[in-house]
Amino acid sequence: MDTAPPDLSPKASGSKRPPRPMRGSSPALPSHLVHDSIASQPTISEDGLKGTFEPPGPQQTKSSLWQRLGLGVNVESVEWDILLISTCLKLLLFPAYRSTDFEVHRNWLAITHSLPISKWYYDTTSEWTLDYPPFFAYFEKVMSIPAYWIDPRIVDLNNLNYDSWSVIAYQRSTVILTELVLGWALLKFVPGSQHPSMQRIISASLFLHPGFLIVDHIHFQYNGFMYGILLWSLLMARNGNTLTSGILFAVLLNFKHIYMYMAPAYFVYLLRVYCMSPSGEILPVRFLTLANAVILVFLLSIGPFALMGQLPQLLSRLFPFTRGLNHAYWAPNAWALVTALDRVLLKLVGKTGFDLPVNESGVASSSRGLVGDTVFAVIPNVQPFHTFAITLGVLMVFMVKLWRVPTYKSFLTALTLCGYTSYMFGWHVHEKAILLVLVPLSLLAAENHAYFRTYLIASVAGIYSLFPLLFTPAESLIKLVYSLVWGIIVLVPIQRRVYEFPHSPAFVILDLFERIYLAGFVPLHLVVTILPYALGTSKEFLPLLLTSVYCAVGLVWAFIRLSVIYLRSPNLSSHSTAAVQ
Amino acid sequence: MHKDGIKRWILPCVLLSTTWVKWATGLGSYSGKSSGRDTPPMFGDYEAQRHWMEITTHLPFQQWYTYDLQYWGLDYPPLKAYHSGSWIEPSWFALDASRGMETDGSKVYMRATVLICDLLYVWAVLTFTRATQATRSIRTQNLTMVILLTQPALLLIDFGHFQYNSVMLALTLLSVNYMYKGQDLIAALFFVASLGFKQMALYYAPAIGSYLLAKCIYLGQKNGGKLFVQLGIMTVASFILLFLPFLPPFASPTAIFDPVTRIFPFSRGLFEDKVANFWCFSNVVLKWRNLASPGTLVKLSTLLTAVGFLPSVVGLLRTGFSSRIKDDRNETPTTGPGPLSPLLLFSMLTSSMSFFLFSFQVHEKTILVPLLPLTLIMVGASGSVESTTWELGMLTNNVAVFSMWPLLKRDGLGVQYVALTVLWNAALGYTPFKRPRTYCQLLSLVVSVACIALHLLEFAIQPPARYPDLFPVLNVLVSTPVFGLVWLWSIKSGVEVGWAIAGLGGGNPGTSHTVTSSHPTSSSTANHANATPPWRPHPHMVHHRDFRSLSSARDSSRSPLSSFNRRVGSPPATFGPHRPGVRERTWSSASMTTRGKIPVGAGWDRPLHSDRVGRVEAGEDTSVQGLGLNLGLGEQPSDRIRNRVQSLGVSSVRKRAPNFPEGLPPLSD
């Protein structure tokens, strides 16, 4: 789709047009705050009056959110306002529902504060043992110091499930504060981008992303901080500072090892762009520099534990291979569809009497709904090795492409696809991992309509798939309304900007199906809301199953879409390696 | 942003995001929430409201106001009581058994009832905005909605502390809307409903009562008398309907006293807690409870309150009388709102603020009642960012939230208090921390600094044991002067608007020099004629596009004549020169006569190269000239008006229409 001739519609693809003179208007705000951007153009007003041009009066230069947005005189101020307003909204969420992750992190504060470093990865006082890499442990250690000043009971190891106001306010505040890393990196993305106005929208959309709101500010995690480091690294890659990018990614890996999913793309990109000349010769000095830098980062992180001989213990904490294929709530990936297919087949076997071998433990597994390991009844069971092989196989295809086209945009897409592939086919994927896909994909959203459509489907399905994280009735409205408003003020402007008419009958039909799919979320939400009341407690997994399967359809489709777009993109574009370097 | 197609999404976005903020506020604590897992609930307004749902669901009418009064007896009027029933989950409201119920489900249900009841307020605000700002851009209207819907004081009390004030305010606002439309009977019905929902609406009663009376006077003997009788019947009938279950055929003759004594608790003290009104303020020096008996204090407070709202009553009646229609001809429109409507909000502000400051048994929450008319005036405030009305409105809103801090602190709503206040100010682009250019900005700066300093002090140090109430008292000392100032300001503004309407001498000063402008673009604005509000938005909120249309339409759309014209629905031609005796023209010219003195809130402080009136005649060019000739208006209209006003002894009319028309001159000038 991205190879469509650009002249098919007046609204040709965004990347091929000169940037619009948007004057700092950023719809990534509640849209009532948003002003018309055609400040100084004489136009016909909505009243149908013939307007006369009036230069902005002195009053209009007064700084206010409303005017700044419209006039874009003072971009900094807009960003301050976004920060201020979003912080206020997040403050309101202090008393909201907290998952067990809140206690997990409190316990880690206590572990790192009360115990010597040698015992961090051995402590089992709480069931929530430390299972993040050492940098995160150091990070908790740093945060435990002010926590101790505020309320010593926060960092008391034996004070399980402590939930006084002090600990809530403190931990929630640390999330808001550390998220500033994300905000800062996003701000830095705007100058130097191809379309600063669009980048501004995208930056704001990421900073206000419902995923972060749901997972960080309600559910409780530090993803804003982590993705801030990731985006910082990506920013460095964009600016041609490849070494720093690599080092930052190594740092990120030592904060949270889930980012390993993205490592192949980094590996290929760094090797190709940093360690090799455009003509393909290896540059040994650069290679050694990079290798040493990364090794140094890892030494800082796991060095102390290696010295104490705790590496096996550390690794066993980080990689617990004892879990099942699916998480309790099936993350909407390929396996969710396979599992659902298995359930359907099982029903069919029961109804029609087909002679298929049925695995008895699989039948038991299906009747248990979503709890525990997933064992298939009809389809052959999947082993971790299978998922590993499939993931790696699919990844290889993308890596070959990246090797051939080592541009920043290509890297970004490959990185997204890395995260996406792991999400699709990984073992025991958690639904929160969808952020691995949505965050880098956002940076590509305004490339052209093909990318945008992929982003749209993935975002809607991905964000909706996070909804079951918050199951309490009070938060239902919060997540739904916030996502709706975010969708309107982010997706609508980008869509207007990059929209292309489908250019062949096949695409018309495709477009129609995608629209139907997106519209289907409305009835889905109604059904999911009403079902629990209609069915009672006997089939409480059914709404979750519906959500998972419906989102999986969209996410799998978006994955296919993105893969096709990427693999079909021209191999050698005019702005290739030279531009990057 | 409309070229990106987001324009039509703005209203849904505004409604959704304000709903989000409201609901998010409700995630927090509420009045009387139990402080921990093991402690019992402490019982506050939340439990009171829940308990009323409990008793009104289970008990017959006659027992509502008598059942176990020790435990949060019902002390709201009947409409509130009718509204309180609940049928969702019986165990949440089981009689007696459910006392202190704090399950998750029941909490969400209770919060949801507030959110649903608040829809009435949303609707009222929407209709108010659409009615009074019809020619303003959608954006300005939406900003007005944001201002009114996310007012931190209201949100904190309704969605945090837990009450249903927005319903009472919504009913009053609807009543105001209908008065603006000239449908006084419906307005009276809504106001009775508002009174019936919460007796605090009584604070508006002197203003609304005298407004309706003044309207009757204005309409003249025949029409006015008719309206008077109709209003009387309507009001009495709706009150009877409201109290029907407590009246003789359905209850014993004395049963009516049960609700009445519950609703008006004169048996309580002069003030409870610390409230930023005159009594508590002066109590620092004069210990009123030692000085006088409770009975005397009741009388004294009633007297002071009456004196406090008297200016608004007198102003309305006088204006109604002096602008009354003597010429009772049939074609005189009697269905419109009349010339008095610009006075309405100022009178409501004067009256409610005087109740707040001087009456008996005032709660700190009651500041919401004067805040409504003030904020309505504020959103109509025009002029520049330096507009005193805007500044005073923002300041008072912020101080109102501040004055409720002791209550909010007790409720555990500290974070919400900070977040909502900052959010509201940031969303409106307001900050008191700028170099002050007017006295009002200076005041705003000083007061804001005082508020923040007080918060920091309270955070940093414990109050001495001798004065445990040190910080609440300091809070009162900071807040009360601001409220007193608003009260005085509202009286002053009301008087000025009254002058504008009826003329200074009270007679009939302005003869029909309606042709005040020959503005070249007047014809282009002619199609504006059907929707012209008396409100003008803050330019702050006026987007440049509006600014253009605003400037081309200039003040055409702001003059009271035009709004009157619109509401009356009469075509411009009716104001032609062949009807020299028609009342409205006189009135409009009179209003222009004093334009330099008209408060911003009335929306008339624009420079008066008003083509509005010119526009009225624009349909018939000859008539414009003809009229001008008839009246001998050789001079420029603005000069003429200035001369005229000066000749009347009003000195402060400025050359250019000022940004600070209220008499506080810019410091830097």
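Sequence lines set the chain letters: A, B, ... in the order given, protein chains first and strands last, and positions in each chain run from 1.
Contact count versus chain B (heavy atoms, under 4.5 Å) is highest, among A:Ser86, A:Ala96, A:Pro95, for A:Pro95.
Rounded to the nearest 0.5 Å, atoms OG1 (A:Thr472) and CG (B:Leu27) are 8.5 Å apart. Atoms OG and CD1, on B:Ser17 and A:Ile489 in that order, are 7.5 Å from each other to the nearest 0.5 Å. Between A:Leu91 atom CG and B:Leu423 atom CG the span is 10.0 Å, to the nearest 0.5 Å.
In this structure a side-chain-to-backbone donor-acceptor pair under 3.5 Å is missing from B:Trp20 to A:Leu477.
Taking a 6.0 Å sphere around CZ of B:Phe433, one finds it holds more than 12 heavy atoms contributed by other residues, nucleotides or ligands.
In this structure, chain A has heavy atoms under 4.5 Å from both the backbone and the side chain of B:Val422. When heavy atoms are compared at a cutoff of 4.5 Å, A:Ile478 approaches chain B by way of both its backbone and its side chain. Only the side chain of A:Phe94 comes within less than 4.5 Å of a heavy atom of chain B; its backbone N, CA, C and O stay farther away.
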> Could you walk me through whether A:Val481 and B:Trp23 pass the side-chain contact (heavy atoms from CB on, under 4.5 Å) check?
Replying inline: CA-CA 10 Å; A:Val481 172; B:Trp23 189 256; over 6 Å; no
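Contact check for B:Val415 versus A:Leu92: no side-chain heavy atoms found under the 4.5 Å cut-off.
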